[in-house]
Amino acid sequence: MKCLSSFLVLFLISGVGGFDLVIDDIPDAVQNLIDLETDGFPSSSKARNGSYTLFFTKNYQEGNLGITKALTTIPKRSTSDWGYVGDLRRREFIERFCQTQVEDDDKIGLYSYKVQSTITSRLANTMIQAKMVNNARRPQPIVFDVQVPKGAFIDNFTMDINGITFTSHIREKSEARKMYAQAKAKGKAAGIVRSNALDMENFQTEVNVPPGMRIQFQLHYHEMIRRKLSSYEHVISVKPGRLAKHMEVDVRIIEPQGLRYVHVPNSLGDHFDGITTISKGEKKAHVSFKPTMAQQRKCPKCSSTAVDGNFVVQYDVNREATGGELETIEAMKAILSELRAADQFSLIDFNHNVRCWRDNLVSATPSQVEDAKKYIQTIHPNGGTNINEALLRATFILNEAKSLGMLDPNSVSMIVLVSDGDPTVGELKLTTIQKNVKQSIKDEFSLFCLGIGFDVDYDFLQRIATDNRGMAQRIFGNQETSLQMKNFYNQVSTPLLKKIQFNYPQESVSDVTQSSFHNYFGGSEIVVAGKVDTENLQHLESIVTATAANAELVMETLRDVEELDGFMKKDRYADPEFTRKLWAYLTVNQMMAERNAAPTAALKRNITKSILQMSLDHHIVTPFTAMLIENAEKDEIMLADQPKDPRKGCCPGSLGLTPNAPNNNKGIPAWANVTAVPVSFMPEQRSPPVSSLSINRVDNDPHFIIHLPKSQRNICFNINSEPGKILNLVSDPGTGVVVNGQLVGAKKAENKKLNTYFGKIGFYFKKKGLKVEITTDTITLKDGSYAIKLTWADTGHIIRKQLLISVKKESNVTITVGEEMSFMVLLHRVWKKHPVNVDFLGIYIPPENKFSPAAHGLIGQFASEPEVSIHHQTPGQAPEKLQAIMEVKGNKFTVTRGVQKDYRTDRVLGTDVPCWFVHNSGKGFIDGHYRDYLVPHLYSFMKKP
């Protein structure tokens, strides 16, 4: 076993391979092949006499000459047909074959090499097609060799040989092997075997083709593209092996969520700079790579192709702003450099012995990080690997830190195991190690495993990581080891949410894939799929709960179940079956992960049966099925089987996520298992009473309505100020609450007056250290350097320090502070192209809010209701608008009876609210002048006038 340095890092922070052809025997000749024109190949219609032999070969190398195990009889030909005459005996054929091998090597023509890939909402369906011809004077093996991403499901493979088509079928593995064995006994079988290579798998088949004959290969596979580091990356291996008369890579992206960007890096080299074209629309994109034969050449006179590598398409969708030892050491040092000052960490190295850099967690200060880097530099491998003791030591350190109160209850604690995965010291039994670690971690922390090298026991690492709310990843020991480790760390170093639970109504949604997740990391994505009863359900409701630092989130969604289908039907490139395929992809991967972690053989057998049935139903190759490729007469058979890699484990492409955990919490609605939100707190949330007009409000441009509960009067006034100015609405040093509104102007003045509105409202809860900023675009909760943001496109809740923010999509935001006070902010949308009006906000504050006697502000001063007298009512200039004398706060002035609007129940027309209107920006009714209520910042307290 190669000696590797083994690390175990504790943080507290705020594969399937190549297909090689295996030939077992030579099939009988396929009689009377007719050279018909097939799919664009020109040919004569003349039937040829004699017989052709179609077979699949495995070549053995002797020096530079290829000796074929398969022999065939070639009938007499005319020179016009084949270019040679005479009867050849087998030995003579071998000699002739050896002599002409070198000169005929370049006589295999690649007529067309085409890759078509369609990504429909993250599900990529890819087809690779090669059309080839044997231009030599002798039969030659033609090889179809392509690479498929790990975790992809192959669902179809066909060959067309001058009109004779070989198609594929999925069978249970033992059944397929039985059929294959029967064909093999008759000499009519060949095999395709999958073997491992880095992050791709090779699909390779070989067909011995007579002179002049053409053949077409076509492989189909699908995969789910996962979001990492804020980007989706679709990788297509393009290795035609020779110049192609027609070459094309065509990628179409259809994302109903909308495309933020599409980028094609120059992954094939500068040779092809400027050849790729990108056409991007709002929700669709088309990427095309069509190099001419001249552009494919390595040099102007070269006969070899420069097309040899991966074609990469990167994109993202629109989202709301919510040397092995040396390489390993350098990578660990780079990871340590990424730690933030608020993080805590420690290091454990383990060979024959287990050593701790620190016996406890320490803060990631610059000096501690530098000291850790020096420690790593002193570690040298000695061949031993004591995984069991190292992991138990790590969990002991974290458990001790938790018991001492060092860990924030809402922080994410994790262990990162870096090793070759082979225990050689201490406990060696893998199942015992897995059991020990599970009992020690007790679902308190997450375990992430990095397996370094090609000999890694990835199956074990994946099981132990999945069992402990983490995931595993291979790190291949090459010059990119450091980069691979840094990329993995970047994926898990920014935990945004934990305890994420997706909930759906059980009466209308079934067969939901994994819906409970321990962590959600920045730049990634969680995908859940299920079956919906579309006949009895028009809208699909879901509730997502999660914990974010000290905040609790509840997100509600309501979507039209036919909306997505309607969008897909409008695009001819979209896969109409993509949701079914995506569900099957997720379900099979989930079941394979569950099987991998199953504690008993009986449970494994039951899961295996389910995987098998899913594989057959959805026509995909899994570890328990095989693909048979047959001609129409079913007398020629090839077998495509899974890789034989005992070190890899049974389940390529496993999600590595925590299986659904039972949850007995009961939330709102009844079918939602609200894991993150304290259930006892949810009923306490209060909203301003919508049915009552007894409320203080500021709306429109801006109109203030002050409700006086004792006298049951509504007093209203306007404030005419300037865009950008900030008005204080509530300033209460007693409770530490501030509410301010910033004005925004209309697009232009009307009647020589520029109307102003509230475009931004800020809430400051000083005693909680919380700030809430609401604009016409977003709702942001701030707690020091921490911030969480929702948009008006969301429906959801944020709970932090007993402050509840509830967002109703494109409607309103309610802020509730225990039972003491609540606020509602309404959103007013206008036509985007309106020549004058702009989007704006209104705010509604119940007079029952428990402000202190020290409260002030344009609204806050009326928490202590003043004595108001209104008398001498007389008709005004307009009979319906009475005038009267108001006496308040020692002031006497004229007021006018009028009507303002309450927009809580009707945001378009509003509800009429009769009130007495105070002129001159409320002069006499409010303390001082309205300019006294201007504050410098959105969260400033005001000075009393």
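Keep in mind it's a predicted model, so treat the numbers as computed, not measured.
There is a side-chain donor-acceptor pair under 3.5 Å between His797 and Ser806. Side-chain contact annotation: His919 with Thr896, donor-acceptor N/O pair under 3.5 Å present. Neither side chain, Ser822 nor Thr816, offers a donor N or O lying under 3.5 Å from an acceptor on the other. With hydrogens and angles left out, the side-chain atoms of Glu541 and Tyr504 include no donor and acceptor closer than 3.5 Å. A donor and an acceptor atom, one from each side chain of Tyr764 and Asn740, are nowhere located under 3.5 Å apart. No side-chain N or O of Ser231 forms a donor-acceptor pair with one of Asp316 less than 3.5 Å apart.
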Exercise for the section: Go through Lys832 and Asp839 one step at a time and tell me if the side-chain contact (heavy atoms from CB on, under 4.5 Å) criterion holds. Expected result: CA-CA 8 Å; Lys832 289 184 179 181; Asp839 294 345; over 6 Å; no
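Remark: Asp699 does not engage Arg697 in a salt bridge, criterion side-chain N to carboxylate O under 4.0 Å. A salt bridge is absent between Lys809 and Asp794; no separation between the charged side-chain nitrogens and carboxylate oxygens falls under 4.0 Å. Between Asp783 and Lys801 there is a salt bridge, with a side-chain nitrogen of the basic residue lying less than 4.0 Å from a carboxylate oxygen of the acidic one. A salt bridge between Glu255 and Arg122 is present, with a side-chain N of the basic residue lying under 4.0 Å from a carboxylate O of the acidic one.
The six-membered or imidazole ring of Phe925 lies near that of Phe862, with a centre-to-centre distance under 6.0 Å. Here Phe717 and Phe704 bring their ring centres to under 6.0 angstrom of each other.
Around the NZ atom of Lys747, the shell of radius 6.0 Å holds more than 12 heavy atoms that belong to other residues, nucleotides or ligands.
Using a 4.5 Å cut-off on side-chain heavy atoms (C-beta onward), Leu934 and Ile726 make no contact.
Among residues two or more places apart in sequence or in another chain, the salt bridge (Lys or Arg N to Asp or Glu O under 4.0 Å) test is passed with Glu865 by none.
Between Phe765 and Phe763, the ring planes lie parallel to each other; the angle is under 30°, not in the 30° to 60° tilted range.
Note that Arg897 lies in the cation-pi zone of Trp916, set by a 6.0 Å cut-off to the ring centre and a 45° limit from the axis.
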